[in-house]
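First the proteins, then the strands, lettered A, B, ... as listed; each starts at 1.
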2 protein chains.
Amino acid sequence: MAYRRTDSVAARLADTRRHILNAARELVAEGGFAAAQMTEVAKKAGVATGTLYRYFPSKEELCRQVFREVSAREMNVLAGIAQGEGSAAERLESVLRTFASRAVRGRRLAFALLAEPVDVGLAEERARFRRTHGEIFAGILEDGIAAGEFPPRDVRVAAACIAGAIPTALIGPLAPESHELDEKGDKVVDEIMNFCLAGVGLLRARPQAKAEPRIRA
Amino acid sequence: MAYRRTDSVAARLADTRRHILNAARELVAEGGFAAAQMTEVAKKAGVATGTLYRYFPSKEELCRQVFREVSAREMNVLAGIAQGEGSAAERLESVLRTFASRAVRGRRLAFALLAEPVDVGLAEERARFRRTHGEIFAGILEDGIAAGEFPPRDVRVAAACIAGAIPTALIGPLAPESHELDEKGDKVVDEIMNFCLAGVGLLRARPQAKAEPRIRA
DNA sequence: CGCTAAGCTGAATCGTAGTTCATTCGGGTT
DNA sequence: AACCCGAATGAACTACGATTCAGCTTAGCG
């Protein structure tokens with residue numbers, strides 16, 4: 001009988017694959033995608049360089065995979081809120097605050113996802129990430145317009161504006177060296193929300209909502 | 001007597017420098033910074049590769065110089081409007097429209113300045129560019145707040161939001177392949193302005209201002 | 001227990017631009 | 001005219017990290 005891939009081997013393979021992805025993710029979280037060199041990833045994962053190529057066809061694919069995993073986590077959190085309960089205005093507010101405050105916490109990783117100089121392959125992945133953000137925002141805006149909570153407008157453009165405004169406003173402070181957000185983080189997040197909510201025609205009654213952002217895994 | 005650099009030689013040197021910068025700028029305008037390879041620049045400028053290094057210490061410096069020249073032109077246009085006459089609201093509106101519509105026209109170059117994947121050196125230059133944008137917006141916002149035209153707020157954050165919202169909203173459409181803006185350009189620009197102006201608490205009476213953007217230089 | 005296929009290793013290789021430098025060129029000086 | 005010096009040349013060099021692959025180890029099978 002021919003050679004057969006037993007369960008235990010399959011499990012080990014899957015395990016190694018995870019190790020590799022985890023190692024890469026950790027390197028990215030520490031030093032951005034620039035730090036995710038194949039040799040380093042291999043070292044951190046405890047395998048040889050060549051082994052990486054038994055699991056991923058190229059560095060680009062490996063990095064894309066890491067990007068997707070990390071960004072998917074973020075988007076799921078936001079999508080969960082977007083599809084949750086509450087008025088469109090409440091959900092929008094929650095999504096914005098969550099987006100921004102998670103970025104502030106996971107500083108380095110957020111910087112890698114949103115602003116670090118990367119090559120074209122990852123830039124493509126990043127564009128997809130932004131587009132998905134936009135879709136989440138756009139969905140809420142549509143709800144809000146349908147419900148008469150916001151004035152009608154082109155939700156695609158407004159959503160893209162939000163998707164651009166938040167990272168950019170955070171970036172200076174988001175840059176790995178900066179510690180500005182350690183103190184002023186909440187204030188900045190609040191100002192960004194003021195801008196974005198006003199941008200879609202929603203004026204917050206209280207200039208600063210005290211509610212903690214809802215953060216889930 | 002020692003060798004002396006005559007005027008005619010100095011003129012020729014300056015001329016070559018310009019040729020090089022122009023060649024590089026043209027390549028960037030055609031194919032982004034990715035197309036600005038030293039060999040290509042030299043070919044286009046009509047000099048040898050080595051000659052480039054008599055005028056610029058490295059590719060990075062050459063590219064930075066190009067970036068600065070191109071972006072300086074844009075910023076001067078905006079700064080001119082910002083320091084011109086009119087209420088803060090009028091100037092803000094004019095600056096935003098000018099920024100966006102110039103980007104739409106100079107599609108490829110705008111993409112190179114704002115969104116093309118570039119290496120760290122140019123990313124730094126780009127950050128400076130964005131910061132300067134922010135300062136221009138912030139100046140107008142401060143005027144407007146002082147004059148009671150807009151509600152008070154943290155102008156730095158609002159300015160950064162604007163500086164991020166405009167490019168991001170244009171980017172999908174700004175990507176070199178996309179021709180979406182050929183038709184919908186004005187509409188998109190208008191929607192972006194709605195968002196940004198509302199974001200700083202300024203609601204436009206007429207949803208679509210018909211005035212042509214002031215474009216100089 | 002051999003025997004084979006699958007998986008792993010990591011030093012060597014490769015590819016790609018950016019950069020250098022020995023040489024040639026041409027205007028400036030005596 | 002003879003000589004000098006800075007400018008220009010472009011083929012060769014280099015740096016750098018991704019990728020490969022010949023040899024080695026381990027797991028399945030009779």
Side-chain angles (χ1 to χ4, degrees), chain A residues 1-21 23-24 27-28 31-67 116-123, chain B residues 1-21 23-24 27-28 31-67 116-123:
Chain A
M1 194 224 253
Y3 183 88
R4 182 177 55 93
R5 183 176 286 184
T6 58
D7 286 356
S8 78
V9 170
R12 180 168 50 76
L13 292 185
D15 210 50
T16 302
R17 196 187 153 84
R18 265 263 63 77
H19 278 340
I20 293 171
L21 283 168
L27 284 173
V28 171
F33 282 97
Q37 290 164 213
M38 295 306 259
T39 317
E40 295 302 307
V41 173
K43 198 184 297 174
K44 187 144 196 161
V47 299
T49 328
T51 304
L52 300 181
Y53 288 86
R54 297 191 55 77
Y55 289 85
F56 302 91
S58 67
K59 176 186 173 162
E60 178 174 330
E61 268 316 307
L62 170 55
C63 284
R64 277 180 186 250
Q65 194 59 43
V66 169
F67 195 106
E116 184 194 352
V118 294
D119 61 19
V120 286
L122 282 186
Chain B
M1 197 225 252
Y3 182 88
R4 183 177 57 94
R5 182 176 287 185
T6 59
D7 287 355
S8 76
V9 171
R12 182 167 50 77
L13 292 184
D15 211 53
T16 301
R17 196 187 154 84
R18 265 264 62 79
H19 278 342
I20 294 171
L21 282 168
L27 284 172
V28 171
F33 283 97
Q37 291 166 212
M38 294 307 256
T39 317
E40 294 302 307
V41 173
K43 198 185 296 175
K44 187 144 196 162
V47 299
T49 328
T51 304
L52 299 181
Y53 289 85
R54 297 192 55 76
Y55 289 86
F56 301 91
S58 66
K59 174 186 175 162
E60 178 174 329
E61 268 315 307
L62 169 56
C63 285
R64 277 181 185 248
Q65 194 59 42
V66 170
F67 195 106
E116 184 193 353
V118 293
D119 62 18
V120 286
L122 282 186

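- In this structure, B:Lys43 atom NZ and C:dA17 atom P are separated by 13 Å, rounded to whole Å.
- Put simply, CZ on A:Arg17 is 14 Å from P on C:dG7, counting in whole angstrom units.
- Regarding A:Leu52, its CG atom lies at a distance of 9 Å from the P atom of C:dT9, rounded to whole Å.
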Can you check nucleotides 11-17 of chain D for protein contacts, nitrogen or oxygen pairs under 3.5 Å, and list what you find?
none

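- Atoms CD1 (A:Ile20) and P (C:dG7) sit 13 Å apart, rounded to a whole Å.
- In terms of heavy-atom proximity, B:Leu21 sits nearest to B:Gln65 at CD2-CG, 3.6 Å.
- The distance between atom CZ of B:Arg54 and atom P of D:dA7, rounded to the nearest whole Å, is 5 Å.
- Residues passing the salt bridge (charged side-chain N to carboxylate O under 4.0 Å, His left out) test with A:Arg12: none are found, sequence neighbours excluded.
- For B:Arg12 and B:Pro57, each mapped to the nucleotide of DNA chain C holding its nearest heavy atom, the one lying further toward the 5' end belongs to B:Pro57.
- Residue A:Leu13 contributes atom CG, which lies 15 Å from atom P of D:dT26 at whole-angstrom precision.
- B:Tyr55 comes within 4.0 angstrom of the backbone, heavy atoms only, and of no base.
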Donor-acceptor contacts under 3.5 Å from residues 41-56 of chain A side chains, at least two apart:
unit_1, atom_1, unit_2, atom_2, d
A:Lys44, NZ, A:Glu30, OE2, 3.0
A:Thr51, OG1, A:Ala48, O, 3.4

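- When each of D:dT19, C:dG7, D:dA7 is scored by its nearest atom to the side-chain atoms of A:Tyr53, the top-ranked nucleotide is D:dT19.
- At a threshold of 4.5 Å between non-hydrogen side-chain atoms, the residues B:Glu60 and B:Asp119 do not count as touching.
- B:Arg17 has its side chain out of reach of B:Ile20: every pair of non-hydrogen atoms, C-beta onward, lies at least 4.5 Å apart.
- Across every non-hydrogen atom of B:Pro57 and B:Glu61, the tightest pair is CG-CG, 3.5 Å.
- Scanning all heavy atoms of the two residues, the minimum distance from A:Val118 to B:Pro117 falls at O-CB, 3.5 Å.
- Note: CG (A:Asp119) to P (C:dG15) measures 19 Å, nearest angstrom.
- In this structure, CZ of A:Phe56 is placed 13 Å from P of D:dT19, rounded to the nearest angstrom.
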